[in-house]
Amino acid sequence: MANQQQDGSLLEVVKTRLKPPPLYKVLLLNDDYTPMDFVVVVLQTVFAMSREKATQVMLQVHREGMGVCGTYTREVAAAKVDQVVDLARKHQHPLQCTMEET
Ligand code: TYC
């Protein structure tokens, strides 16, 4: 497609279709040692969940072994995983968190 400009020149209009970026689920894994209260605080702090929502997600992970904390672009998901891993290490809990493309 070409666009006539006011000065008579033609401007080529190139339509570039950008694919939406891939999204990643941040997954929290259960273990037998990390205190429930700590997991709730992590979910509130890192994923901006209310205390009620964080408690629901924590209990789901506790009962089913794994749960989704949220879905983000790759960089944001990776930063959240790092925050969870850092907090867990700082408090010497074995809490594990990972990400997976949706
Ligand atoms: N299973 C842990 C306990 O009984 C609690 C827990 C929940 C740990 C969720 C990790 O991702 C987790 N203390």
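Note: hydrogens, waters and symmetry copies are ignored here, and every other heavy atom, side chains too, is used. Whatever order the structure lists them in is the order used to number ligands and atoms, beginning at 1.
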Please identify which atoms of ligand 1 are closer than 4.0 Å to at least one heavy atom of Leu28.
11 (O)
For Leu23, does its backbone N or O pair with a side-chain atom of Thr102 as donor and acceptor, under 3.5 Å?
yes
Atom 1 (N) of ligand 1: which of Asp31, Asp32, Val61 has the nearest heavy atom?
Asp31
Taking atom CD of Gln96 as the centre, report whether more than 12 heavy atoms of other residues, nucleotides or ligands fall under 6.0 Å from it.
no
Is a donor on one side and an acceptor on the other found under 3.5 Å between the side chain of His91 and the backbone of Leu87?
yes
Hey, does the side chain of Lys25 reach the backbone of Met99 with a donor-acceptor pair shorter than 3.5 angstrom?
no
Taking the ring of Tyr33 and the ring of His93, is the distance between their centroids below 6.0 Å?
no
Any atoms of ligand 1 less than 4.0 Å from a non-hydrogen atom of Leu29? List them with their elements.
10 (C), 11 (O), 12 (C)
Of Val57, Val40, Thr34, Leu43, which has the heavy atom at the shortest distance from atom 13 (N) of ligand 1?
Thr34
Nearest-neighbour protein heavy atom for atom 7 (C) of ligand 1, which is reported as residue plus atom name and distance
Asn30 OD1, 3.6 Å
How does Leu95 reach ligand 1, by side chain, by backbone, by both or by neither, if only non-hydrogen atoms under 4.0 Å count?
side chain
re atom 4 (O) of ligand 1, the protein heavy-atom contact at minimum distance is His62 CE1, 3.1 Å
In this structure, CD of Glu101 is separated from OG1 of Thr71 (nearest 0.5 Å) by 11.5 Å
